[in-house]
Amino acid sequence: MDTTSPLGVFDSGVGGLSVLRALRAELPHEDVIYLADQAHVPYGSRSLEEVRAFSGEITRFLIARGAKLIAVACNTASAAALHWLRQRYPEIPFVGMEPAVKPAAETTRSGVVGVLATPATFQGELYASVVERFARGVTVLQATCPGLVGQIEAGELDSERTRRILERALEPMLERGVDTLVMGCTHFPFAIPAIQRIAGSGVRVIDPAPAVARQAGRLLAARGLLNPSGAPGAVGFYTSGESSQLEALLPRLLGEPHPVESVAWQGNALRISST
Ligand code: DGL
């Protein structure tokens, strides 16, 4: 691994693209490899043990392709595996996602904040620990938005069904005076325009991706691993799902087209697909 090695980024699907776009804005000279585990999406209704096993193998796959830093661009995988991955690969810097309860609690005026995340994220110790550490004196409401990850995977960022899912989650929160909403799942920032329309402009929506990208930059700088090249970095995409489906969505979610390579799970191992 050296300064020209890529960053490795993964998620259950397209959610991590909300982190990838922040990484590319913050670190435009870095190459990136992105893996979407769409064979297993959604992660959020699976057990933490199962998500940890997927995350371990995906991390191995990315490190085998030279990744110099791993961004666990998925709150569910971070809840299930971040601590364990850091112990398993002490030589690799990791950044992960944790619900941004701290900035929400620091800036709320109503004293009521809402977190949108998957059931698995709410079950993890990481979530319990951020609430315990940062939410003193603040009411934290939670919603899992069932079906929303699937809608984003289907590119339905603002369809009627997507709006209904969001209304069901947000209306009870708004009735209780929520003035800050934390995106605790990396898929959800793609629905921010729809969320903002329902919640109104007085509600602050926090996407933690820019802060995570800045943290990735700090870790690379501290280890002397920033790419010194002035040229724009390249991004390579892999999916364990349908490559043509992800290729079709990338222009909408990232604003540019990219080819996508297929990978396949063979038992517990990920392999480049021959087809
Ligand atoms: N994007 C992921 C997260 O941040 C996972 C969503 C899912 O696959 O359920 O939690």
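Position 1 is the first residue of the sequence; numbering continues from there. Indexing begins at 1, ligand by ligand and atom by atom, following the structure's order.
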K.L.:
Using a 4.0 Å cut-off to any heavy atom of Thr118, which atoms of ligand 1 qualify?
P.N.:
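In order of numbering, the contacting atoms are 6 (C), 9 (O), 10 (O).
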K.L.:
Going by heavy atoms, is Met97 under 4.0 Å from ligand 1?
P.N.:
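False for this residue.
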K.L.:
Which heavy atom in Ser18 sits nearest to a heavy atom in Thr186, and how many Å separate them?
P.N.:
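So the two residues come closest at OG-O, 2.8 Å.
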K.L.:
Just distances here: any N/O of Thr121 and N/O of ligand 1 closer than 3.5 Å?
P.N.:
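No.
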K.L.:
Minimum heavy-atom separation for Pro208 to Met97, with atom names?
P.N.:
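Reported closest heavy-atom pair: CG-CE, 3.8 Å.
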K.L.:
Give a yes-or-no answer on whether the side chains of Arg204 and Thr107 include a donor-acceptor pair shorter than 3.5 Å.
P.N.:
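Checked: Arg204/Thr107 side chains pair up, N/O donor to acceptor below 3.5 Å.
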K.L.:
To check your reading of the model: name the closest protein heavy atom to atom 1 (N) of ligand 1, its residue, and the distance in Å.
P.N.:
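Result for atom 1 (N) of ligand 1: His187 ND1, 2.7 Å.
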K.L.:
Report the C-alpha separation of Cys74 and Phe10 in whole Å, then their side-chain angles, then the decisive distance to 0.1 Å, and conclude whether the side chain to side chain contact (heavy atoms under 4.5 Å, CB included) test is met.
P.N.:
CA-CA 7 Å; Cys74 173; Phe10 75 92; 5.5 Å; no
K.L.:
May I ask which of Ser12, Ser78, Pro189, Ser45 has a heavy atom nearer to atom 5 (C) of ligand 1 than the others do?
P.N.:
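Shortest heavy-atom distance from atom 5 (C) of ligand 1: Ser12.
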K.L.:
Taking atom types as modelled, find out whether Thr162 and Glu156 have a side-chain donor-acceptor pair closer than 3.5 angstrom.
P.N.:
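Glu156 and Thr162 do not have a side-chain donor-acceptor pair below 3.5 Å.
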K.L.:
Begin from the C-alpha positions of Ile70 and Val72 and carry the test side chain to side chain contact (heavy atoms under 4.5 Å, CB included) through to its verdict.
P.N.:
CA-CA 6 Å; Ile70 301 286; Val72 183; 4.2 Å; yes
K.L.:
Considering only protein heavy atoms, which is closest to atom 10 (O) of ligand 1, and at what distance to one decimal place?
P.N.:
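Closest protein heavy atom to atom 10 (O) of ligand 1: Thr76 OG1, 2.6 Å.
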K.L.:
Nearest to atom 7 (C) of ligand 1, what protein heavy atom do you find, and at what distance?
P.N.:
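It is Tyr43 N, 3.2 Å.
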K.L.:
Give the atom numbers and elements of ligand 1 that come within less than 4.0 Å of a heavy atom of Val41.
P.N.:
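Close to Val41: 8 (O).
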K.L.:
Hey, are Glu167 and Arg163 close enough for a salt bridge, meaning a charged N less than 4.0 Å from a carboxylate O?
P.N.:
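No, Glu167 and Arg163 are not salt-bridged.
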K.L.:
Below the 3.5 angstrom mark, is there an N/O of Cys74, backbone or side chain, next to an N/O of ligand 1?
P.N.:
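Checking ligand 1 against Cys74, no N or O pair falls under 3.5 Å apart.
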K.L.:
State the NZ-CG distance between Lys68 and Asn227, to the nearest 0.5 angstrom.
P.N.:
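Reported value, rounded in 0.5 Å steps: 5.0 Å.
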K.L.:
For ligand 1, which atoms sit closer than 4.0 Å to a heavy atom of Asn75?
P.N.:
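It comes down to these atoms of ligand 1: 3 (C), 4 (O), 10 (O).
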K.L.:
Measure Val149 to ligand 1 on non-hydrogen atoms and call it side chain, backbone, both or neither using the 4.0 Å cut-off.
P.N.:
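It is the side chain that gets close, since no backbone atom is under 4.0 Å.
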K.L.:
Closer than 4.0 Å to some heavy atom of Gly44 - which atoms of ligand 1 meet that?
P.N.:
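That gives atoms 7 (C), 8 (O), 9 (O) of ligand 1.
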